[in-house]
Every structure is written in C-alpha cells, then in structure tokens.
Amino acid sequence: MRFVDEFRDAQLGRVVAGEILAALEPGRHYKVMEVCGGHTHSIYKYGIDDLLPANVELVHGPGCPVCVIPMGRVDDGIAVARNEGVIFTCFGDMLRVPGSEYTLLEAKAQGADVRMVYSPLDALRIARENPDREVVFFAIGFETTAPSTALTLKRAKAEGMTNFTCICNHVTIVPPLRALLESPDLRLDGFIGPGHVCTVVGARPFEFIPSDYGRPVVISGFEPLDILQSILMILRQLAEGRAEVENQYKRVVPHEGNLRALEVMSEVFELRPHFEWRGLGFISQSALRLSAAYRDFDAEERFAVPGVRVADPKACQCGEVLKGVIKPWECKVFGTACTPEHAIGTCMVSPEGACAAYYNYGRYARTKEVV
Ligand code: SF4
C-alpha cells in the first residue's frame, strides 16, 4: 500500500538497526523516552524493541490521554451522567476507566444514559436530535484532539445550542515533560517527540528540552521505520555532542504547527491553574478549561460535580509506568488481577496505554545482549 509499505520495509529496518548499533558508545546505557502512547504501541506491535540492543532502553512516557485521567474526574463524569435527563457522551475507551467505585459503563448498566461517540460532532448531533435533553461531552486528549472539541463548541455557539455542554479534560504535553525532567527518579538521554501533538503545536514548544536540559528531541512518525530512524537521529545527536529538536515527521508536522487549530484553541480554551494527572499529581497550567466566552458550554458550571481527589488503588502502579520508572510487567498485578478485560489501572484500558501494549503483544520480560 502506497505511503504505508515504504515505512514497513523489514530489510530497510535491519539496515537502520545496524546504523543504530554503529552509533553507540560501547558500554553506555541509553534511556530514550517515547512520549506518545501511539509510539509505544507501534514499538511493540512491530517488534522494534527486538531490533535494539539491551543498552538502548525505551522508556514509556505520559502521552496517553486516557491513562492520565485521575479517578476523581471519572467520578465527576458519573455524577453528571446520573442527572435526570442527561445524555452523557464520551469516547469508547473512556467507558471502562475505573472511577473510585464504578466505570461509566457500569453507571450505564445502572441506568445512566451514557453513549459512546467517535467525535465531539457526534455528541453535538445527539444534542440537536434531543432538544429536550441535556447532552454532555466528556472531552479528553492532548493538543491533538483539543481542536476538534474547540471547533464543535464554536459550532454549538454559532447554532445557539443551549442543551450542549462539555466536561473539559484536555491536557497539554509540555508541563508533564518538564516535571519528568525535573524528577530525580529518572535519567533520560533523549525524547522521541509526539508526532500527533506536533501536527497541532509544531516543534517550537519542545525547544526547552535541549536548551534547558541539554537533551535531544526528535519528532517522530508512527510507522516502524519512522521510529527506528528517530532513535538513530537521537543517538547520532548524542554521539556528536548535540542537543536539538529535529523533525523526522516533516511529511506531516510543520515547524510552526497548525496555526488555524492553535487560533481556535486559544479562542475556546484557557489554561487551568492546575490539574491532577493520574499518578503524577497536580501539575500547574497543564490542562485546559473553557474560556469566559464559552462558559455557558461548561458542564462543570451547569452541573454539580464532586471534584474530589481520589487516591489510586494500592495495587495500581500506573503512576510509575507513566513516569517510565517501572516497566508494565514489573507492576505486581500486571496480567493477573489487571488485564484489559478487568483493568485496575488506566494504562491497561486505553489502546494507547503501555500496559495494554505489553499485554497485547506479549512483551512480558526482556533479556538481551548489551553492546
Ligand atoms: S498493570 Fe494495571 S495496575 Fe499495574 S500499572 Fe498497569 S494498568 Fe496500572
């Protein structure tokens, strides 16, 4: 298939793997974080990890939008969904994320009108079709999906909709990366930059990583050769003593990002002073809420929400997985009490979660040669 097969050529993959070996400093251990959950899945789906020597360690970052939603926000959603006359809409993977007592799917089984949608525009259509009901959209995602929520809210405002609101859980990628770089738990050598987010924000927001922390960043596509090439570009920067933001995904990511999308986002959203991330705690200015001009569409203003902070279950180590401190299989409940069918933590629920990637592609442990 054109524009796909070229990026999955196994022979070329082996050539790049050879170049990666040649770029290594013997005996040095490299830790490279792939920020985005989409990369994590490609890495394990295509066996990229198997092409790397053991001293090139891939560490999984916090870039899975479902994984970072804390239990308290799920509880807030369920509280709103249980209001008389509410139709509560969300993406499918959000349905099985555990709250403190229930998931949204269980709330639906108990009588709440919870519906899965593929886009915020589906939620808006449901609102148009049900003028006597309140329709709420549970918005999640990084800068990748925030523009679609923003455009939907603009359309709702233009149409004068009064029965459509949104619980905004959109998060931004730079603050958690800065928090990780400040963390003494983790020593990272470089970053595989989140290609999807960068289609919207561009490369510029990541310049603080080389300038403030001296680490290279390579913005990467999601096909196997994209990722291998990005790892090679990071290793070459390290070998040459450089630290820069490079863009491997130029076919999709413009350096300046998508200016129209950024403009719409800045009209509809503003930064929250702080937001709780699952396992990472509160991070300042790391999430979006609706701007004053769109306050009428804010479900948190229209409905009572508990807004309570709920501690993760004791057995859950999603926080350590999201920070890259442990591998998924090092969590005590991985694959036993916690599976995709009966998840304890979010990283096993989301198709972008690191635990789901390891579980689905059978990566339970790793013993390889160090070069
Ligand atoms: S195995 Fe389950 S509980 Fe453990 S880190 Fe993964 S998702 Fe969280």
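Numbering starts at 1 and runs along the sequence shown. A quick note: this is a predicted structure, and the numbers were derived from the prediction, not measured. Atoms within each ligand, like the ligands themselves, are counted from 1 in listed order.
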K.L.:
Output the set of protein residues with a heavy-atom contact under 4.0 Å to ligand 1, ordered first by chain identifier and then by residue number.
P.N.:
C316, Q317, C318, V321, C331, V333, F334, C338, G345, C347, M348, C355
K.L.:
Less than 4.5 Å apart, any side-chain heavy atom of E57 and any of K327?
P.N.:
yes
K.L.:
Is the terminal nitrogen or CZ of K157 (NZ for Lys, CZ for Arg) located under 6.0 angstrom from the six-membered ring centre of F297 and within 45° of that ring's axis?
P.N.:
no
K.L.:
Would you mind reporting whether F269 and L290 have side-chain heavy atoms less than 4.5 Å apart?
P.N.:
yes
K.L.:
Listing request: all salt bridge (Lys or Arg N to Asp or Glu O under 4.0 Å) pairs with a residue in residues 189-204, at least two apart in sequence or in separate chains.
P.N.:
R28-D189, R187-D189, R204-E256
K.L.:
E300: which residues meet the salt bridge (Lys or Arg N to Asp or Glu O under 4.0 Å) condition with it, sequence neighbours left out?
P.N.:
R73, R272
K.L.:
Please name all residues satisfying side-chain hydrogen bond (donor to acceptor under 3.5 Å, both in side chains) with E19, sequence neighbours left out, ordered by chain then number.
P.N.:
R236
